[in-house]
Amino acid sequence: MFSVVEEPLDRLAEHAEIPIRFEVASFFEVEGDDPASVYLRERRAEPAWVKDYDALKGEGTTRWAEQGVL
């Protein structure tokens with residue numbers, strides 16, 4: 001269970017302390033072209049890799065407001 005809570009922008013620095021890094025072991029491919037009947041097929045990522053948004057230069061939670069993400 002989770003809830004969504006709107007917080008003021010001055011709390012972004014606190015959220016930036018939470019890593020945005022994860023291992024990609026599988027992904028979904030969309031099969032079909034009719035939105036009413038598409039199918040998502042899970043595929044194994046070989047090799048698996050680590051996606052680390054914090055490692056991208058100039059990115060990160062504290063920059064979301066100026067990038068228009070919020």
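All residue numbers refer to positions in the sequence shown, counting from 1. All values below come from the heavy atoms of this structure, side chains included, with hydrogens, waters and symmetry mates left out.
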Student: Kindly write out the residues that satisfy side chain to side chain donor-acceptor pair (under 3.5 Å) with Glu46, not counting sequence neighbours, or none if the list is empty.
Tutor: none
Student: How far does CD of Glu23 sit from CG of Asp52, to the nearest 0.5 angstrom?
Tutor: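 Between atom CD of Glu23 and atom CG of Asp52 there are 13.0 Å.
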Student: Any idea which heavy atoms bring Ile20 and Asp54 closest together, and the distance?
Tutor: N-OD2, 2.7 Å
Student: For Glu17, what residues pass the salt bridge (Lys or Arg N to Asp or Glu O under 4.0 Å) criterion, not counting sequence neighbours?
Tutor: none
Student: Looking at Ala48 and Ala25, what are the two nearest heavy atoms and their distance?
Tutor: CB-CA, 4.1 Å
Student: Do Val30 and Tyr39 share a hydrophobic cluster, counting only Ile, Leu, Val, Met, Phe, Trp and Tyr and linking them when any side-chain heavy atoms are less than 4.5 Å apart?
Tutor: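 No: no chain of side-chain contacts under 4.5 Å links Val30 to Tyr39.
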Student: Do NZ/NE/NH1/NH2 and the carboxylate oxygens of Glu31 and Arg41 come within less than 4.0 Å?
Tutor: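 Arg41 and Glu31: salt-bridged.
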Student: Report yes if some heavy atom in the side chain of Val50 is under 4.5 Å from a heavy atom in the side chain of Val24; otherwise report no.
Tutor: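 With C-beta onward as the side chain, the pair stays apart.
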Student: Using the test salt bridge (Lys or Arg N to Asp or Glu O under 4.0 Å), find all partners of Glu14 that sit at least two apart in sequence or belong to another chain.
Tutor: Arg11
Student: Does the side chain of Glu29 reach to within under 4.5 Å of the side chain of Glu42, using non-hydrogen atoms?
Tutor: no
Student: Quick check: do Tyr53 and Phe22 have side-chain heavy atoms less than 4.5 Å from each other?
Tutor: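 Heavy-atom side-chain distance check passes, below 4.5 Å.
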Student: Please determine whether the number of non-hydrogen atoms from other residues, nucleotides or ligands lying under 6.0 Å from atom CZ of Arg44 exceeds 12.
Tutor: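 Count not over threshold, so no.
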